Amino acid sequence: MMMDLVARDQKVIWHPYTQMQNALPHIPIVRGEGVYLYDQEGKKYIDAVSSWWVNIHGHAHPHIAQRVASQLQVLEHVIFAGFTHEPAVTLAERLLPLLPGKQEKLFYSDNGSTAVEVALKMALQYWNNTERPQKKKILAFKDAYHGDTFGAMSVSGRSIFTQPFNDFLFDVVFIDLPNQNNILALQAEISSLHAEVACFIFEPLVLGAGGMQMYGAPYLDQLLATCAAHGILTIADEVMTGFGRTGTYFACEQLQNRPDLFCLSKGLTGGTMPMGVTTCNEKVFNAFLSDDKLKTLYHGHSFTANPVACAASLASLDLLLEPETLANLDRIKASHQEFFLKIKDHPKVKSVRQTGTIIALEWETGNDTSYLSSWRDRLYTYFLEKGIVLRPLGNIVYILPPYVISNEDLTYIYTTIEQALAEL
Ligand SMILES: *Cc1c(COP(=O)(O)O)cnc(C)c1O
């Protein structure tokens, strides 16, 4: 019996971040091409959020598809302890030198949350291995988002996402985003705690799920300098900001100081397959070299370094490094900046901010500003009807497009936002 896909979905699927009792119907997507998604009826949507920030080169990119297809015919997977393969080694060889600072080793996992878990375990075990087990505290930003597994949740801000689990999360020292006024106090706080602090984990320049909050590179630089002076390990979570999103290949390129570890995922495979990586410098890696087996990093996943995902990542890197991609990053940034100036004084716009290819505007909704704001569904539905996938974080509407988006499509999104400001 042929049943409508929406009805079949409702019978068997539990969707992420979704109250299933009153969920809006899930739209069946049958095809993607470039920035467009096509539903069953042939309706076209601009994917203005890059399908949860992962898609950087457009949907069903032929270069990535071809590399994935040929890898599948040669080697689909192999256990990664005791064995290795060309795509995993080549990807590490190509990726490590692209990262700012001297990153020496790359560890594969499956997604952004696992990349964060691995980084935290590396940092905590580093102090164990170097006989300073009293360094147990972790520093993180109050509104940070680092993922949904328990360690990643622990270092994320306490929110409605974590509420039922708060009792099970480990203690973290949360600090405010740095700015001109609080930077000295933050540095003093870090200095006073340094004997107990193992590491500082941060999203550089933009806090994604925390509402696309943006903060200045110079202040982050000062925090990193303080951490470095006290031997606190620093972990850059570039899961969202990596691979061009903030206008440079990696957000940390915009800093003087270099983190000890990086977490990458989302754009890594161009948004085609799940994969995460954690990289570290020589100092971190060397602390695990020992005749003592207890100093080993006992961590791995069944699909660690999956060759097909590595092939997708290599193909995505080819595209990222084309001069045209950098030109696109500059073009989107300039276009966003123009819209920024146009919209910034609009009475219904509380604030606008922009970093690289991301622009976020906060809707004036009085006191109704939470993630659960009723405005969220009104805005979401409004844009969907106009053929644009925008997924507001509460009252914050942001555009985070694949880099291949055309000027015409950008203009259409801006115009539709202006229309929404006038009509809603
Ligand atoms: C999305 C995200 C994660 C989690 O990645 P998943 O692949 O969804 O587990 C971690 N850190 C940041 C900054 C993210 O944006």
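Just so it is clear, the model here is predicted, and its values are computed rather than measured. Start at 1 and go down the list; that is how both ligands and their atoms are numbered.
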**Request:** Taking side chain to side chain contact (heavy atoms under 4.5 Å, CB included) as the test, write out the residues that go with Gln40, two or more places apart.
**Result:** Asp4, Leu5, Pro28, Val30
**Request:** Report the residues that fulfil side chain to side chain contact (heavy atoms under 4.5 Å, CB included) with Glu196, sequence neighbours left out, ordered by chain and then residue number.
**Result:** Lys137, Leu193
**Complete:** Taken to the nearest 0.5 Å, the spacing of Leu410 CG from Tyr414 OH works out to 4.5 Å
**Prompt:** Which distance, rounded to the nearest 0.5 Å, do you find between the CG of Leu264 and the OG1 of Thr269?
**Reply:** 11.5 Å
**Complete:** Residues with a heavy atom under 4.0 Å from ligand 1, by chain and number, are Trp53, Asn111, Gly112, Ser113, Tyr145, His146, Gly147, Glu203, Asp237, Val239, Met240, Lys266
**Prompt:** So His230 and His194, would you call those rings parallel, tilted or perpendicular, with 30° and 60° as cut-offs?
**Reply:** parallel
Just distance, no hydrogens or angles: give the donor-acceptor pairs under 3.5 Å from side chains in residues 198-220, sequence neighbours left out.
unit_1, atom_1, unit_2, atom_2, d
Glu203, OE1, Gly208, N, 3.0
Glu203, OE2, Tyr145, N, 2.9
Gln213, NE2, Asp143, OD2, 2.9
Gln213, NE2, Gly210, O, 2.9
Tyr215, OH, Glu203, O, 2.7

